[in-house]
Amino acid sequence: MQYLNFDKVPVYKKLAEHAGTGFNFKEKLDAKRVEDCIVPMAASLNYSWAAKAADSQCIKLLQELAEQQELIAKYKALLNGEMMNTGEKRKVLHHLLRGEQGQPVTEDGKNIGDFYRKELDRFSSFASAVHEGKYKGSTGKMFNTVVQIGIGGSDLGPRALYLALENWAEAEGKKKLNAKFISNVDPDDASSVIASCALENCLFILVSKSGTTQETLANELFVKDKLTKAGLDASKHMIAVTSETSPLARNSAYLDSFYIDDYVGGRYSSSSAVGGCVLSLAFGPDVFKEFLAGAAQADKLALNENILENAALLDALIGIWERNFLNYPYTAVLPYSQALGRFPAHLQQMDMESNGKRVNRNGEAVSYNTGPVIFGEPGTNGQHSFYQLLHQGTGVIPLQFIGFSDSQRNDDVIVDNSISQKKLAANLAAQIVAFAKGQQSEDGNKEFPGGRPSSLIYGKKLTPAALGCLLAHFENKVMFQGFVWNVNSFDQEGVQLGKILTKKVLSGDFSDGALEIYSKILGIF
């Protein structure tokens with residue numbers, strides 16, 4: 001198996017040449033193309049690429065790219081425990097959290113899959129015990145709210161997933177506890193969350209793999225101070241999610257500690273105790289396991305070598321086509337579901353932290369573009385915000401739509417002969433065609449150039465299994481793109497320099513004059 005820079009792969013030149021031929025998909029987008037360009041996904045979802053600027057020759061070349069860069073072989077190597085995080089010399093095992101797709105993975109005689117399953121069982125049992133009242137706050141009252149304290153991957157993914165399932169859980173009678181999140185070191189964040197809770201009914205989850213994350217530990221002390229001042233025993237109101245070697249592990253300051261390891265990166269940790277504790281407490285362990293099952297099914301489908309039968313791989317390769325050969329530097333993720341309101345923010349971190357790299361997996365500079373800028377907002381809100389630029393701006397931004405035929409609550413009203421859910425779906429269908437085909441007009445202000453490519457992931461309803469499929473789809477898409485670009489998608493050195501300089505400021509080290517003046521004008525000293 002070879003790890004080649006993208007521009008050294010034989011098909012690279014063919015793709016560059018084909019980009020010059022152009023494919024006017026705005027004229028080709030008809031009923032037959034829509035029907036022909038659908039790839040089944042897990043959990044009864046589907047991926048439609050009909051409104052993408054990719055003809056049959058482009059697909060043929062992308063299939064060659066998948067084979068020449070050995071994308072499925074590299075995925076299998078990752079699943080089998082080969083060291084894929086070259087920067088930190090680590091395995092990459094977030095797929096193993098939702099089930100084995102490859103051979104058993106061991107390290108120093110330890111079966112890592114067994115370790116993950118044990119932790120799943122442990123935090124599932126803990127959540128059930130909380131629901132049964134076996135664990136209560138220090139005044140003897142039942143917990144009714146869980147508050148997660150974490151930042152980055154310890155916040156974005158779990159928060160997005162909780163919000164995605166909250167309406168569904170309430171409609172299905174699955175809601176157990178309310179969940180809230182504290183992430184920003186800005187004290188207003190923690191203060192406002194705590195002000196919205198009855199502290200004696202709150203269970204806090206402190207999430208830090210190392211046990212040393214500055215922002216998270218600052219917020220922990222903020223919360224503990226509030227608990228103490230309220231006359232509560234903080235140790236009866238807090239659990240930890242951390243590594244077995246961190247200072248938080250087996251610590252009497254917490255009701256219990258649940259463990260993750262260095263083989264699961266923060267932005268890929270929602271399938272672990274990082275997401276599992278809060279989701280199991282909020283909705284019950286069975287709901288979290290349904291989520292894991294949807295993700296595992298998607299992981300299995302991602303092993304298919306035929307790109308027209310592998311939605312994650314096809315999505316990744318079309319993204320490569322758009323980024324490297326059509327020269328589109330951005331991608332908008334547009335879920336037509338209020339429940340997915342924070343999902344684009346999670347994908348923004350996962351994609352940009354993974355593939356926002358200028359060097360290959362050996363630390364050598366690359367001479368081609370890598371990860372795009374990701375942004376997004378739910379429809380129809382986005383239509384009244386930034387769609388103006390998407391439709392009539394000077395640049396083309398590829399779009400990834402997500403939509404469902406049914407709402408989660410089934411609570412709707414008929415207005416002007418249709419329910420709101422139908423209006424939402426009608427807006428989504430209209431936007432896809434409007435972006436693709438545009439509109440001619442003698443009035444330049446009303447001219448829509450069209451030719452704006454989009455994909456669509458769609459299904460009946462956003463359920464736990466469907467959400468697991470969505471998460472795994474985008475995780476695998478990012479992984480495949482990293483393999484194509486020959487970058488390490490699993491470290492994040494780009495966040496480290498700012499942390500180092502922050503510590504300098506707080507220690508009073510002003511060897512850099514600019515750092516000193518900025519510190520003064522911001523009132524640090």
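In what follows, residues are counted from 1 in the order of the sequence shown.
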Exam field: side chain Q348 to backbone I374, donor-acceptor pair closer than 3.5 Å: yes

Audit row: D299, E475, side chain to side chain contact (heavy atoms under 4.5 Å, CB included) steps and yes/no: CA-CA 9 Å; D299 292 340; E475 286 182 350; 5.6 Å; no

Non-hydrogen atoms of Q349 and G153 that approach each other most closely: NE2-N, 3.3 Å

Partner set under side-chain hydrogen bond (donor to acceptor under 3.5 Å, both in side chains) for Y116, not counting sequence neighbours: D261

Validation row: P344, P335 side chains within 4.5 angstrom (heavy atoms): yes

Q400/K477 under side chain to side chain donor-acceptor pair (under 3.5 Å): CA gap, chis, key distance, verdict: CA-CA 12 Å; Q400 290 202 302; K477 172 188 175 180; 3.0 Å; yes

Intermediate values then yes/no, side chain to side chain donor-acceptor pair (under 3.5 Å), N327 and E322: CA-CA 6 Å; N327 298 313; E322 291 173 334; over 6 Å; no

Contacts of type ring-ring contact (aromatic ring centres under 6.0 Å, His included), residue H391, not counting sequence neighbours: F435, F448

Residue pair V359 / E364, side-chain heavy-atom distance below 4.5 Å: no

Residues N80, V105; criterion side chain to side chain contact (heavy atoms under 4.5 Å, CB included); working and verdict: CA-CA 6 Å; N80 289 332; V105 179; 5.7 Å; no

Whether over 12 other heavy atoms sit under 6.0 Å from R342 CZ: no

Salt bridge (charged side-chain N to carboxylate O under 4.0 Å, His left out) partners for K499, two or more places apart: none

Quiz item: cation-pi between R323 and Y328, 6.0 Å / 45°: no

For a quick test of your reading: what N or O donor-acceptor pairs under 3.5 Å do the side chains of residues 264-277 make, sequence neighbours left out?
residue, atom, partner, partner atom, Å
R267, NE, S354, OG, 2.7
R267, NH1, E353, OE1, 3.0
R267, NH1, Q492, OE1, 2.6
R267, NH2, S489, O, 2.9
R267, NH2, D491, O, 3.0
Y268, OH, S354, OG, 2.6
S269, OG, G266, O, 2.6
S271, OG, R98, NH1, 2.8
S272, OG, S269, O, 2.6
S272, OG, V274, N, 3.1

Enclosure of D443 CG (heavy-atom neighbours >12, cutoff 6.0 Å): yes

Flag if over 12 foreign heavy atoms under 6.0 Å of CD, Q496: yes

Steps toward side chain to side chain donor-acceptor pair (under 3.5 Å) verdict (E377, N381): CA-CA 7 Å; E377 184 76 13; N381 296 23; 4.6 Å; no

Ion pair E107/K91, N-O distance below 4.0 Å: yes

L313 side, atom CG; H473 side, atom NE2 - distance, nearest 0.5 Å: 10.5 Å

Shortest non-hydrogen contact from N486 toward Y3: OD1-CB, 3.5 Å

Any side-chain heavy-atom pair of N310 and I72 under 4.5 Å: yes

F375 and Y330 aromatic ring geometry - parallel, tilted or perpendicular at 30°/60° bounds: perpendicular

Presence of salt bridge, K14 and E64, under 4.0 angstrom: yes

L62 CG to C58 SG distance, which is reported to the nearest 0.5 Å: 4.0 Å

Closest contact, heavy atoms only, D7 versus S367: OD2-OG, 2.7 Å

Flag if over 12 foreign heavy atoms under 6.0 Å of CZ, R409: yes

Within-4.5 Å side-chain heavy-atom neighbours: F25 and K52: no

D262 versus S243, side-chain donor and acceptor atoms under 3.5 Å: no

Backbone of A311 reached by a side-chain donor or acceptor of D315 within 3.5 Å: no

Heavy-atom side-chain proximity of E82 to L78 below 4.5 angstrom: no

NZ (K289) with more than 12 external heavy atoms under 6.0 Å: yes

Non-hydrogen side-chain atoms of P372 and D351 separated by less than 4.5 Å: yes

Review item, side-chain donor-acceptor pairs of residues 478-485, under 3.5 Å, at least two apart:
residue, atom, partner, partner atom, Å
Q481, NE2, A316, O, 3.0
W485, NE1, N324, OD1, 2.8
W485, NE1, N369, O, 3.2

D412/Q421 under side chain to side chain donor-acceptor pair (under 3.5 Å): CA gap, chis, key distance, verdict: CA-CA 7 Å; D412 215 330; Q421 183 66 26; over 6 Å; no

Ring pair (Phe, Tyr, Trp, His ring centres under 6.0 Å), paired with F325, selected from F6, Y368, F23: F6

Non-hydrogen atoms of F490 and K357 that approach each other most closely: N-NZ, 4.4 Å

Mutual orientation of the aromatic rings belonging to H18 and W321 [parallel < 30°, tilted 30-60°, perpendicular > 60°]: tilted

Y162 and F283 aromatic centres sub-6.0 Å: yes

Cationic N near anionic O, under 4.0 Å, R90 to E88: yes

Residue pair Q383 / N427, side-chain donor-acceptor N/O under 3.5 Å: yes

pair Y336-F401: side-chain heavy atoms closer than 4.5 Å: yes

Within residues 419-442 or reaching into it, pairs that qualify as salt bridge (charged side-chain N to carboxylate O under 4.0 Å, His left out) - sequence neighbours excluded: none

For A164 against L340, the heavy-atom pair lying closest together: CB-CD2, 4.0 Å

Intermediate values then yes/no, side chain to side chain contact (heavy atoms under 4.5 Å, CB included), L470 and F474: CA-CA 6 Å; L470 276 177; F474 284 102; 4.3 Å; yes

L334 vs Y387 side-chain heavy atoms within contact, under 4.5 Å: yes

Enclosure of E305 CD (heavy-atom neighbours >12, cutoff 6.0 Å): no

M83 to K89 - nearest heavy-atom pair and separation: CG-C, 3.6 Å

Donor-acceptor contact present, side-chain Q69 to main-chain L4, <3.5 Å: yes

